[in-house]
Every structure is written in structure tokens, then in C-alpha cells.
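Being a predicted model, the structure only gives us computed values, none of them experimental.
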Amino acid sequence: MSLSTSAKIIYPESDGQPLADNTIQFRLIVTIQGGIDALFLENPNVFVAGDLFWYPVEGEPWIRQAPDVMVVIGSPKGDRRSYKQWEEDNIPPQVVFEIASHSNTKTELEETKRYFYERYGVEEYYLFDPQPGILKGWQRDEQILQPIPRMSGWISPRLGIRFELEQGNLQLYHPDGERFASFVEIIEQRNLEKRAREQAEQEKIQEQQAREQAELAQRNAIPKLLAMGLTVEQIAEALSLPVETVRAIAER
């Protein structure tokens, strides 16, 4: 009797390449991934990943890409070692981002990767090259990813975020107008808000102390004014106090 065996298909989880080639690229990837993840924080069925292998075809592990950032609307949040589309109700990433580095070529980014994304169902593809400060985008029109004529001010149909080029730097804005911030910027903002709250609380305490001191000074003045011959009514008017308060202190 012969036994038939089939080799298990291996889907690599890493290509051995770093997430980014430089600090600018890394910061942008992390900021975009985190900003979009935060945008859909309350939606359990939006998966956002950075530098994760996407396998669109079962049984063909050589067909893959690892977008710098990809967004899958319709797949649940959670950790994954790779994105195997056939295990995700066959939902492809609708939006992908690439941040160019010196190791990338124009052919790789604008042809090879774009054709891949076009073939396997991506609806929006955004490419930013930090060094010359060039931002490009493509949007699906039926079967083709067509170039977006003007990216500055463009609003993603799928995500609702706005793209801006400000002095050659890519800035993304949430639908409410809030700018995507890096982790350091978020911490700085939190520290500013914390210091503002502490200052406001300190001012509140100081105001309360000043009021208490003023009230104490008024009450201490009552016996002296009585000794000068002023009536309870006159003292109440002079100190802007209720007559009952002055009379209670006078009768002690």
C-alpha cells in the first residue's frame, strides 16, 4: 500500500527587509497606520495594518505584497501574521499606502505595485515620496486604477480623510479637521493639556483662597466697625454682606 502525501504550503511572514529605510518613512508609516486605526476605533470591522504580507490567492504564496499601510473595511480587528484573503471572506484591502524610500524605483511603485493593486481589487492607492515631496494617488474606475488629477485637498471616498501637501510634507486630516499626529506629538499635546488642567485647578484653588481671605477680613472688620459706632445695617451695606450675617457676628 502506498501513501500519498502533499507538501504543506508555506506562506512566509517576512521578506527579511526592514519596515522602513529611514526615520521619515518610518514616522509616516506609523502615523498613517495609527491615525486611520484611531479613525475607526469604534468600528470592530475595520482592519488596519502596516508592512503586513497580503496573500490574495490561496495556494500561490509567491503572489503577495506588503503595503506600507493597508485598510480592509469589512474584516475584524485583531492580530495577524499575514493577511490571507481567502480566510477573510475574500475581502481585499480597499485602500493602500506606499511611502517611497531611496531603495524604491518609480517602476516598482507606479507600475509593478500599482498593477498588482489594480488586479487584486484595491480601490484607492496613495503614494508619497518624502524627498521631493511628491504625492500621487489612483482611484478605481471599474477595472482600472486611474490617476487622481490633483491630490492636494483630495478626500478619500473610502476613509473620508483629507490629503494636503504643506511645504512638501504630507499631512492627513480626519473628517472633523483634526490633523494626523505622530506619537510624540500626541504625547506633547497630552502634556500641554495636563499642564493646562493643573494650572486651571491651581488658579481655582487660589481664587477660592482669595475669597476665603476676603470673607475672613470682612468678618474681622465687623467688631471694629461696631466699636466705631456703626449700626448693623450700616456695616452690612459697607461690606456688602447680608444684615443677618452681620447681626450674627455682632451677637457673639
Going by heavy atoms in the side chains, are [X] and [Y] under 4.5 Å from each other?
X	Y	answer
Q131	I24	yes
E233	R247	yes
R80	S75	yes
L127	W138	yes
Q94	E124	no

*Evaluate the side-chain contact (heavy atoms from CB on, under 4.5 Å) criterion for residues R211 and Q208: first the C-alpha distance (whole Å), next the side-chain angles of each, then the deciding distance (0.1 Å), finally the verdict.*
CA-CA 5 Å; R211 285 195 299 270; Q208 179 64 28; 2.4 Å; yes

Applying side-chain contact (heavy atoms from CB on, under 4.5 Å), can you list everything that pairs with [X], at least two apart in sequence or on another chain?
X	result
Q139	I148, W154, P157
P223	none
F26	L19, A20, V30

Locate the shortest heavy-atom distance separating [X] from [Y]; write the atom from each residue and the value.
X	Y	answer
L159	V95	CD1-CG1, 3.9 Å
F163	L172	CD2-CD2, 3.3 Å
P61	P12	CB-CD, 4.4 Å
P130	L28	CG-CD1, 4.0 Å
A250	V232	CB-CG2, 4.5 Å
M70	P93	SD-CG, 3.6 Å

*Please assess T105 against T107 for the test side chain to side chain donor-acceptor pair (under 3.5 Å), listing each intermediate value before the final yes or no.*
CA-CA 5 Å; T105 66; T107 299; 4.8 Å; no

*Determine the interplanar angle of the F116 and W54 rings, folded into 0 to 90°, and report it as parallel if under 30°, tilted if 30 to 60°, perpendicular if over 60°.*
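The rings of F116 and W54 stand perpendicular, inter-plane angle above 60°.
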
*For Y11 and E58, run side-chain contact (heavy atoms from CB on, under 4.5 Å): C-alpha distance rounded to whole Å, both residues' side-chain angles, the deciding distance at 0.1 Å, then the answer.*
CA-CA 10 Å; Y11 296 91; E58 185 176 10; 4.0 Å; yes

Just how far is it from atom [atom1] of [X] to atom [atom2] of [Y], taken to the nearest 0.5 Å?
X	Y	atom1	atom2	answer
L39	S156	CG	OG	9.5 Å
W86	I91	CH2	CD1	14.5 Å
N45	I73	CG	CD1	10.5 Å
L225	M228	CG	CE	6.0 Å
Y125	K136	OH	NZ	10.0 Å
L109	E111	CG	CD	10.5 Å

Following the transitive rule for hydrophobic clusters with a side-chain heavy-atom cut-off under 4.5 Å over Ile, Leu, Val, Met, Phe, Trp and Tyr, establish whether [X] and [Y] coincide in one cluster.
X	Y	result
Y55	I9	yes
F47	F97	no
I249	V243	yes
V57	L52	yes
L135	L145	no

Got a donor-acceptor contact below 3.5 angstrom from the [X] side chain to the [Y] backbone?
X	Y	result
K77	V48	no
D68	I99	yes
Q171	E164	no
Q218	L239	yes
N104	S101	yes
Y117	E123	no

_So for atom CG, which belongs to D89, do other residues, nucleotides or ligands contribute more than 12 heavy atoms lying within a distance under 6.0 Å?_
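Counting neighbours around CG of D89, 12 or fewer heavy atoms of other residues, nucleotides or ligands fall under 6.0 Å, so no.
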
*Tell me whether the centres of the aromatic rings in F128 and Y126 are closer together than 6.0 Å.*
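When the ring centroids of F128 and Y126 are compared, they turn out to be at least 6.0 Å apart.
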
*Do we see a donor-acceptor contact under 3.5 Å between the side chains of Q202 and E198?*
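Per modelled atom types, Q202 and E198 side chains form no pair under 3.5 Å.
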
